[in-house]
Protein chains: 2
Amino acid sequence: MKARRQLPTQTDVAEAAGVSTATVSRVINNQGAITPSARQRVQEAIERLNYVPHAGARALAMQRTHTLGAIIPTLNNAIFAEGINAFERTAQSLGYTLLLSVSQQDLQHELALVIKMIERGVDGLLLVGNMHEEAVFDRLEQAEVSHVCTWAYDPAARAANIGFDNAQSMHAVVDHLVTLGHHNVGMLAGQVQHNDRARDRVVGVRSRLNHHGLSLSEANIIELEYAIEPSRVALRQLLNRGVTAVVCGNDVIAYGALLEAQTLGRRVPEDLSITGFDDLSLSAQLNPALTSVQVNAVAMGKAAARQLTDAVEGRADMASVQMPTQLVVRQTTGPCKR
Amino acid sequence: MKARRQLPTQTDVAEAAGVSTATVSRVINNQGAITPSARQRVQEAIERLNYVPHAGARALAMQRTHTLGAIIPTLNNAIFAEGINAFERTAQSLGYTLLLSVSQQDLQHELALVIKMIERGVDGLLLVGNMHEEAVFDRLEQAEVSHVCTWAYDPAARAANIGFDNAQSMHAVVDHLVTLGHHNVGMLAGQVQHNDRARDRVVGVRSRLNHHGLSLSEANIIELEYAIEPSRVALRQLLNRGVTAVVCGNDVIAYGALLEAQTLGRRVPEDLSITGFDDLSLSAQLNPALTSVQVNAVAMGKAAARQLTDAVEGRADMASVQMPTQLVVRQTTGPCKR
DNA sequence: TGACGCGATGTATGCGCATACATTGCATTG
DNA sequence: CAATGCAATGTATGCGCATACATCGCGTCA
């Protein structure tokens, strides 16, 4: 499939337009002064031949690819998909194309993907979270590729962050539940092992409970994957331990908890309070509507794309920005009746 | 950000290893015969210098990028996200990187994106549906870029298809409802304008109803965007028209219908039957669990990646494959009581 | 032992483009 | 009218790599 072989090249356009390749290059890149007539002849030739510049050759000559990379844990998570969707749209509108890879939560694999991204010469790279192999940063710095870690905010992070403080975001949740009188709360957490976001959310819940003189016993924390079925199972365990409120690490886990509670005939929120995290659009529609922490994935995606391109084009250096989160109280949380 | 400038090049590696660049290239590409000792020296040099080949230069020299493109309507749709996730994973495992763009259902924009993909020299391209500008195919053929249209199956399509027959997939749904005694059925369809999948699903419902001697009046079809809130509104309209069953163009619309029905105090399925399409993982968990049409997005993504790479590497030509869909009957459909 | 073949490696070239530098032509100025 | 300057364009080069072709060295066989 020697696709390129017969595709028209800049030289073909130059001949067809009766100019030199330099002139063709100039009209394409809008550089230098060009006679209107020459410009027009070139543009017509381009159109007529369906000429398309060769990005690889361009990258070689310019040392720029106009490509942005993103490596995310998975697309099977609506909130990441939403963020990437915004990232792509913004990048596209700024003249950049998206190179996307999924790491499947595997840090070693992520490192390999980062190297691939460097190979492809991405001008900037988006990563998720602050938990990465050190070599990731070493390589990116060596290659001078601008990069940003999203979905987290930590002033001490090695790279610039565009995201929110996962631990602190849980404070409002805990405060809310405590105010409602809950003192035996459980947590259905995402898997913490290679996931600083999930870990920090647990940390946030625990520390804030402590702040209120309460505690989160180890047995009241259950770690599970991003899926409904395991969440249902886990909820039953927590109920056996007599919790009156369940803080979930994300909305999908919360859906599982809510559905299982209903299946078991528990009233929500009268018998059990449940909170989510992410505030997916479905959450507001459920019955009862889910109390959740709203994070602005779209804003993060946009900001990341804008910052990266600003950095690439020399307009500004990468800088961390902390995004707000907001507890949205709906119908799955209520006063503790016990 | 002249990132590349100071990055080690093949020449640096050659020097460090005491060989020529040709030898370096050979060990990298595993070509020709290389003395074990030479190979090792090269590999050590690569490691030591953190050498990374320049994909652009490679593309120039080889007329291949080892990149696969995908242009999808949006990522804010779990089923596409799932399919793309599988596509990426498969492509990655075959040595290809994913270039992803979202068209936002805009065919003109899609054409522009296709041209960008050709610029980037993608070796293969995945598209969604069969509704595209003719120029899309003209360009892809001219550039000899292998491509495939997914999420649809039409033997008459201009490009190879890997997907299912959207119209025919609705037959089982209609048959099911008719068997249950429904004769006044409504449809909440996705937007049909620039979307052959949504359109075909409407066509399938209508033609199959006709087949049973029933009909789907214009007024019983409501077109709406992919979201819950508009679906709730639309459901009320259909209820006013006395429908006993509602066929939805996708699961998200079905969620809206189900939730609204519950809000209005209608019993599902006793008072109203509802069906979805896509069978998202949440659908089986709802209460009542949603009757839906299962499509295998993961299989489509995998198959597309495999076929494209097979074509690129000359192992096989692109060929259409029809994927099955399956009606999964759950609890939102029941006998018509009227 | 000399011719030959083959494995291992090096040399040189071109992929398509951007761009520094050279060149040309023309208007402007004294 | 000659000198000057600048706008418009062309020419030549290199970006980093793969690879065709040339070369070298060594074992093999007659």
Side-chain angles (χ1 to χ4, degrees), chain A residues 1-42 45-46 49-67 118-121 123 143-144, chain B residues 1-42 45-46 49-67 118-121 123 143-144:
Chain A
M1 192 109 316
K2 300 219 178 189
R4 281 289 168 176
R5 193 68 314 103
Q6 47 259 38
L7 272 191
T9 148
Q10 205 177 65
T11 309
D12 299 326
V13 175
E15 274 177 26
V19 299
S20 72
T21 62
T23 300
V24 174
S25 177
R26 287 192 187 102
V27 349
I28 289 177
N29 297 303
N30 241 326
Q31 297 226 349
I34 306 278
T35 300
S37 105
R39 176 185 306 279
Q40 182 170 350
R41 272 178 298 142
V42 169
I46 288 178
L49 301 176
N50 275 350
Y51 167 73
V52 163
H54 187 295
R58 210 157 220 265
L60 242 199
M62 293 202 298
Q63 309 292 328
R64 284 275 308 283
T65 57
H66 286 276
T67 296
I118 294 174
E119 259 188 57
R120 309 315 245 224
D123 293 330
E144 293 186 25
Chain B
M1 193 110 313
K2 301 219 180 192
R4 282 289 168 174
R5 193 65 314 105
Q6 46 261 37
L7 274 191
T9 150
Q10 205 177 66
T11 309
D12 298 327
V13 175
E15 273 178 25
V19 300
S20 71
T21 61
T23 301
V24 175
S25 177
R26 288 192 187 101
V27 349
I28 289 176
N29 297 303
N30 240 328
Q31 298 226 348
I34 305 279
T35 301
S37 103
R39 176 185 307 278
Q40 181 169 351
R41 271 178 299 140
V42 169
I46 288 178
L49 300 177
N50 276 350
Y51 167 73
V52 163
H54 186 295
R58 210 158 219 266
L60 243 199
M62 292 202 297
Q63 309 293 328
R64 285 276 309 283
T65 58
H66 286 277
T67 296
I118 294 174
E119 260 188 55
R120 311 314 248 221
D123 293 331
E144 293 186 24

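Worth saying up front: this structure is predicted, and the values here are computed from it rather than measured. Chain identifiers are assigned alphabetically (A, B, ...) following the order of the sequence lines, protein sequences preceding nucleic acid strands; residue numbering begins at 1 within each chain.
- For the pair A/Gln31 and C/dA18, the criterion of a side-chain N or O lying under 4.0 Å from OP1 or OP2 is not met.
- Distance from the side chain of B/Pro53 is smallest to D/dC17 among C/dT9, C/dC17, D/dC17.
- As judged by a 4.0 angstrom heavy-atom cut-off over every strand, A/Val19 is placed among residues touching the sugar-phosphate backbone only.
- Distances were taken from every side-chain heavy atom of B/His54 (C-beta onward) to each of D/dC15, C/dG7, D/dC17; the shortest belongs to D/dC17.
- The nucleotide whose nearest atom lies closest to any side-chain atom of A/Gln63 is, among D/dG10, D/dC17, D/dC15, D/dC15.
- In this structure, the nucleotide among D/dG16, C/dT9, D/dA12 sitting nearest to the side chain of A/Thr21 is D/dA12.
- Within 4.0 Å (heavy atoms only), B/Ser25 reaches at least one base atom of the nucleic acid.
- In this structure, of D/dA8, C/dT19, D/dG16, it is C/dT19 that holds the atom nearest to the side chain of A/Ala22.
- Of all nucleotides listed (D/dG16, C/dC17, D/dT9), D/dG16 comes nearest to the side chain of A/Leu60.
- Closest to the A/Thr23 side chain, of the nucleotides D/dA7, D/dG10, C/dC17, is D/dG10.
- Side-chain nitrogen and oxygen atoms of B/Arg26 include none within less than 4.0 Å of the OP1 or OP2 phosphate oxygen of C/dT9.
- Counting non-hydrogen atoms under 4.0 angstrom, A/Ile28 reaches nothing in the nucleic acid.
- Close to D/dA7, at under 4.0 Å from its OP1 or OP2, lies no side-chain N or O of A/Thr35.
- Contact detail for A/Thr9 and A/Tyr51: the closest heavy-atom pair is C-CE1, 3.5 Å.
- Nearer to the 5' terminus of DNA chain D, by closest-nucleotide assignment, is the contact made by A/Pro36 (compared with the other of B/Gly56 and A/Pro36).
- The minimum heavy-atom distance between B/Arg120 and A/Ala55, with the atom names listed, is CA-CB, 3.8 Å.
- Heavy atoms of A/Ala59 sit nowhere under 4.0 angstrom from any nucleic acid atom.
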